[in-house]
Amino acid sequence: MVFARAKLLMEDQCFDEDPGTVEIKLIGPDLQTMYQKCYDLLKSVFNVPDADIQETNYSWGKSEKGDKFKVRWWLHKDLDLFSYFYIRFELAGEGNEKQGNLMVRIRGLLRTEYPQDTLWQRSLFYEMLRVFWHRIFYHRRREIYAEECRHGIVLYQKKVKALFTKLTEKKEV
């Protein structure tokens, strides 16, 4: 992430077409244990430490149906000097050990920031060089990063499904 007072920000969704937001709906037993498992899976799939994941919304309580919870995590993964992933993960669920439902929503963004603090960075000549460099060299790099973002989200989705299948099979036995 570029730390600058003034910056040019380019933001693209990881999925250009539908689905812009990936949703996973699960119905089964003991889904409140998925909170920690999804968090650990998030760290392993995107290869990030705890410091790169921020929990911005956390609510957990009891209802007639069992535990009710809603959690939002933001993942921030630096890719290079200018670009980073900014991915939102939302978990919302309700249930007990016997039956429950869980919704996982994922929305991925690829952000590129160019600082524009100094007089040189605001000049027309610098902007022409930056645009030339971006179009000739860096545009392809951003396409690779967007593909990496899509791949990470799809892999996370598959691993959550596999984890849920493993959890339900273990409960049935």
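Comment: R142 engages D12 in a salt bridge, judged by a side-chain N to carboxylate O separation of less than 4.0 angstrom. The pair E143-R141 fails the salt-bridge criterion, with no side-chain N (NZ, NE, NH1 or NH2) lying under 4.0 Å from an Asp/Glu carboxylate O.
Residue L102 holds its CG atom at 9.5 Å from OG1 of T33, rounded to the nearest 0.5 Å. We find the OG1-CD distance between T112 and E11 to be 10.0 Å, quoted to the nearest 0.5 Å. The OH atom of Y145 sits 14.5 Å away from atom CZ of R150, with the distance rounded to the nearest 0.5 Å. Note that the OG1 atom of T56 and the CH2 atom of W74 stand 7.0 Å from one another [nearest 0.5 Å]. In this structure, CD1 on I24 lies 11.0 Å from CZ on F164, to the nearest 0.5 angstrom. For the atom pair SG of C14 and CG of L109, the computed distance is 6.5 Å after rounding to the nearest 0.5 Å.
Residues satisfying the side chain to side chain donor-acceptor pair (under 3.5 Å) criterion with D67, sequence neighbours excluded, are K62. Every residue two or more places apart in sequence or in another chain that forms a side chain to side chain contact (heavy atoms under 4.5 Å, CB included) with E55 is listed here: Y35, Y58, V71, W73. Looking at residues two or more places apart in sequence or on another chain, you find a side chain to side chain contact (heavy atoms under 4.5 Å, CB included) between Q121 and P115, D117, T118, Y126. Qualifying side chain to side chain donor-acceptor pair (under 3.5 Å) partners for R107, counting only residues two or more places apart in sequence or in other chains: none. When the side chain to side chain contact (heavy atoms under 4.5 Å, CB included) test is applied to N57, the partners found at least two apart in sequence or on another chain are K70, R72. Applying the side chain to side chain contact (heavy atoms under 4.5 Å, CB included) criterion to M103, with sequence neighbours excluded, gives E23, K25, R105.
Using a 4.5 Å cut-off between side-chain heavy atoms of Ile, Leu, Val, Met, Phe, Trp and Tyr, with links allowed through other members, L119 and L129 fall into different hydrophobic clusters. Hydrophobic clustering (ILVMFWY, side-chain heavy atoms < 4.5 Å, transitive): L81 and F132 are in one cluster. Tracing side-chain contacts under 4.5 Å through hydrophobic residues (I, L, V, M, F, W, Y), one reaches F137 starting from L110; they form part of the same cluster. In the hydrophobic cluster analysis, where Ile, Leu, Val, Met, Phe, Trp and Tyr join through side-chain heavy atoms closer than 4.5 angstrom, F82 is grouped apart from V131.
The aromatic rings of W133 and Y138 sit parallel to each other, their planes meeting at less than 30°, with 60° as the upper class boundary. Aromatic ring orientation, Y156 versus F46: tilted (interplanar angle from 30° to 60°).
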Point to revise | E113 vs R111, salt bridge (Lys or Arg N to Asp or Glu O under 4.0 Å): CA-CA, chis, key distance, verdict | key: CA-CA 7 Å; E113 297 179 358; R111 287 186 175 172; 5.2 Å; no

Exercise for review: Might you work through the side chain to side chain contact (heavy atoms under 4.5 Å, CB included) test for L75 and V48, ending with a clear yes or no?
Suggested key: CA-CA 8 Å; L75 177 132; V48 294; 3.6 Å; yes

**Study point:** side chain to side chain contact (heavy atoms under 4.5 Å, CB included) between F69 and E94, worked out
**Key:** CA-CA 6 Å; F69 60 94; E94 184 175 22; over 6 Å; no

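At most 12 non-hydrogen atoms from other residues, nucleotides or ligands lie less than 6.0 angstrom from CD1 of I27. In this structure, I144 places its CD1 atom where more than 12 heavy-atom neighbours from other residues, nucleotides or ligands lie under 6.0 Å away. Within 6.0 Å of atom NZ in K43, more than 12 heavy atoms from other residues, nucleotides or ligands are found, so the atom counts as buried in its surroundings.
No side-chain heavy atom of I87 sits less than 4.5 Å from a side-chain heavy atom of K77. Residues F89 and Y39 fail the side-chain proximity criterion, which asks for heavy atoms closer than 4.5 Å. In this structure, Q116 and K7 have side chains that are not in contact, with every pair of non-hydrogen atoms separated by 4.5 Å or more. In this structure the side chain of L26 reaches within 4.5 angstrom of the side chain of M34, judged on heavy atoms. Residues T21 and I106 fail the side-chain proximity criterion, which asks for heavy atoms closer than 4.5 Å.
The heavy-atom pair separating C149 from G108 by the smallest distance is SG-CA, 4.4 Å.
A distance-only check finds a donor-acceptor pair linking the side chain of S44 to the backbone of L41 [under 3.5 Å]. Under the 3.5 Å distance criterion, the side-chain polar atoms of D78 are left unmatched by any main-chain donor or acceptor of D80. A side-chain donor-acceptor contact under 3.5 Å links T165 to the backbone of K161.
For F85 and H76, the distance between ring centers is not under 6.0 angstrom.
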